[in-house]
Protein chains: 2
Amino acid sequence: MRALAVEDDARIADDLAAALTAAGFRVELTNDGEDAWFLGDTEAYDLVVLDLGLPGLDGLAVLKRWRANDRTMPVLVLTARGTWQERVEGIEAGADDYLPKPFRMEELVARARALVRRAGGHAGALQEAGDLSLDTNRMGVALRGLPVQVSALEYRLLAYLMQHRDRPVPPTELLEHLYGDDDSREANALEAVIARLRRKMGPGVIGTRRGFGYFLEQA
Amino acid sequence: MRALAVEDDARIADDLAAALTAAGFRVELTNDGEDAWFLGDTEAYDLVVLDLGLPGLDGLAVLKRWRANDRTMPVLVLTARGTWQERVEGIEAGADDYLPKPFRMEELVARARALVRRAGGHAGALQEAGDLSLDTNRMGVALRGLPVQVSALEYRLLAYLMQHRDRPVPPTELLEHLYGDDDSREANALEAVIARLRRKMGPGVIGTRRGFGYFLEQA
DNA sequence: CCGTGCCTGTCAGCTTGCTGTCAGGCTGAC
DNA sequence: GTCAGCCTGACAGCAAGCTGACAGGCACGG
């Protein structure tokens, strides 16, 4: 974890660096607004602790310029001024949290951890088998990187095959999963769906093991 | 956006509901810890405001049980007790933010907005998708920079689509977040809102993936 | 207290494209 | 060879979604 601390009071800066380092961050320090803006704009930090009272360039202005530039790292704002208007202003400028001075280092560390924890929670859900990949979040299908248009039913079928890509899935199981227990459908319905998918994606994607079921061809 | 407010002081609860509603949330209230736990565990909220001093079940315990159960919605904790130790404890229990009583409603709303923004992966108050941009601070909508007049309901819909702009949002989910579970509405109500929005904003803004849901068209 | 205007849910009719069925052909297993 | 299992193109039915019209509800101002 990489952290940037922007603080012009040398003594507080030292304490900050010590506390964040102890918490497992690799800390960089600066006491100048211009510097801070440049670093935050060009480097990839997991966390920024930003003091508002700065020489050079005001902290709020720095923050706004970052946000306007799509820099989305978590920013924890420090300030000596503590009125609620200023806190609201800071948060609306794009701060993720706001801590009035004086504060306890323990609290700062706890909040810093919470921010980093929250920022980390965006994992991509990509599943692959051979040339085929499906994005379970976006509900999208791609073949060799090229998007393929599929219907909801077709997608569910692919998703189920993907989930069980280590074995052939028997038609009965697929039917049950796609339609539930109401066996009103002819078994042929499933074959039709498979055929349509194969027409869209060409051969070498969905395989058949006669008597066992369907599967996704691996690389 | 759907919010749960857990607060046993009736007067504060009313104020909370009013402020959050004005900020564009659909608010549900409870004053009981057990209730709160059940709701938060079974319903899909975009934000929870949680008071710690509760009858039934302590707020911190509720929060911990949610987190242990993988409920990851943003939680903003309120408390009368304000020592830094308690704040640290709250954050380590899984709170995303912490506000000591007494507080200003303006600040709470600002923090609530920041939390929801961050949960969607965005830092600033301005969120964009294609030609559309939302100002979450002012509840304003603009198309190619020109302001568009939308109703509160329409705004909530756009905000929710914006929040989840990386995937198509199924109608059932939209209905739940706009109206709650009282399925007194015909499904067609949603389609009517979509149609009205499309008439205001023209084509190329709200897209449909048949069988999957609605989404905001990207650049 | 009464209009007025806006918001929003319901309804009916329509378009669109998904999907099950059918008929017929193909093929691997025995 | 023969048969069950599987494939495929065509087609019609149907459900998801769209839209314009309308009316009840609610806030607001007079």
Side-chain angles (χ1 to χ4, degrees), chain A residues 139-141 148-161 168-217, chain B residues 18 21-22 24 26 139-141 147-161 168-217:
Chain A
M139 312 268 255
V141 179
V148 179
Q149 203 76 1
V150 299
S151 77
L153 181 67
E154 289 163 350
Y155 177 83
R156 274 191 291 152
L157 197 160
L158 286 178
Y160 194 80
L161 288 183
V169 182
T172 52
E173 185 180 338
L174 275 175
L175 281 170
E176 183 175 337
H177 179 256
L178 289 183
Y179 303 118
D181 311 326
D182 61 335
D183 37 346
S184 56
R185 268 93 175 169
E186 300 281 323
N188 187 250
L190 177 61
E191 292 166 26
V193 180
I194 296 277
R196 277 191 277 267
L197 273 172
R198 290 215 252 241
R199 190 181 332 182
K200 282 183 187 174
M201 307 192 300
V205 181
I206 301 180
T208 308
R209 271 188 67 193
R210 205 182 177 81
F212 291 91
Y214 299 98
F215 61 95
L216 294 181
E217 312 248 15
Chain B
T21 301
R26 204 173 61 69
M139 287 179 68
V141 179
V148 178
Q149 205 73 1
V150 299
S151 75
L153 180 67
E154 289 164 349
Y155 176 83
R156 287 211 301 270
L157 198 161
L158 286 177
Y160 194 79
L161 288 182
V169 181
T172 51
E173 185 180 336
L174 275 175
L175 282 170
E176 184 176 332
H177 279 260
L178 290 182
Y179 305 117
D181 311 318
D182 57 338
D183 35 345
S184 55
R185 270 90 174 173
E186 300 282 322
N188 188 251
L190 176 61
E191 292 164 28
V193 181
I194 295 276
R196 278 191 275 267
L197 273 172
R198 290 216 251 240
R199 190 180 329 185
K200 282 183 188 174
M201 306 192 298
V205 181
I206 301 179
T208 306
R209 276 184 65 195
R210 186 180 259 252
F212 291 98
Y214 298 97
F215 62 95
L216 295 181
E217 312 248 15

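Chain letters run A, B, ... following the sequence lines, proteins first and then strands; every chain starts at 1. Any value given below was found using the heavy atoms of this structure, including those in side chains, with hydrogens, waters and symmetry copies removed. Please read these numbers as outputs of a predicted model, since none were measured by experiment.
Annotation: the span from Leu178(B) atom CG to Leu157(B) atom CG amounts to 5.0 Å, rounded to 0.5 Å. For the atom pair NZ of Lys200(B) and CD of Glu154(B), the computed distance is 3.5 Å after rounding to the nearest 0.5 Å. Here the CD-CD distance, from Glu186(B) to Glu191(B), works out to 10.5 Å after rounding to the nearest 0.5 Å. Between Leu161(A) atom CG and His177(A) atom NE2 the span is 10.0 Å, to the nearest 0.5 Å. Put simply, OG on Ser151(B) and CZ on Arg196(B) are 8.0 Å apart, with the number rounded to the nearest 0.5 Å.
In this structure, the CG atom of Leu178(A) is 14 Å from the C1' atom of dC18(C), given to the nearest Å. Residue Leu197(A) contributes atom CG, which lies 16 Å from atom C1' of dG9(D) at whole-angstrom precision.
Evaluation of the side chain to side chain contact (heavy atoms under 4.5 Å, CB included) rule for Arg198(A) yields Ile194(A), Ile206(A), Thr208(A), Tyr214(A) as partners, not counting sequence neighbours. In this structure Glu173(A) satisfies the side chain to side chain contact (heavy atoms under 4.5 Å, CB included) test together with Tyr160(A), Arg167(A), Val169(A), Pro170(A), sequence neighbours excluded. Every residue meeting the side chain to side chain contact (heavy atoms under 4.5 Å, CB included) condition with Val141(B), not counting sequence neighbours, appears here in chain and number order: Leu132(B), Leu134(B), Val148(B), Val150(B), Tyr155(B), Leu158(B).
In the helix from dC1(C)-dG30(D) to dC30(C)-dG1(D), the end axes, each obtained as the rotation axis mapping the C1' atoms of four pairs onto the next four within a five-pair block, lie 30° apart to the nearest 10 degrees.
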Below 3.5 Å between N/O atoms, which protein atoms pair up with nucleotides 16-22 of chain D? Just atom names and distances, please.
from, atom 1, to, atom 2, distance (Å)
dA16(D), N3, Arg210(B), NH2, 2.8
dG17(D), OP1, Gly211(B), N, 3.3
dC18(D), OP1, Arg198(B), NH2, 2.3
dC18(D), OP1, Thr208(B), OG1, 2.8
dC18(D), OP2, Tyr214(B), OH, 2.7
dT19(D), O4, Asn188(B), ND2, 3.4

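Under 4.0 angstrom from either OP1 or OP2 of dT19(C) there lies no side-chain N or O belonging to Tyr179(A).
Nearest heavy atom pair, residue Pro171(A) against residue Gly213(A), reads CD-CA, 4.0 Å. The nearest pair of heavy atoms linking Phe215(A) to Pro168(A) is CB-CA, 4.0 Å.
A heavy atom closer than 4.0 Å to some atom of DNA chain C occurs in Ser151(A), Leu153(A), these being the qualifying members of residues 148-156 of chain A.
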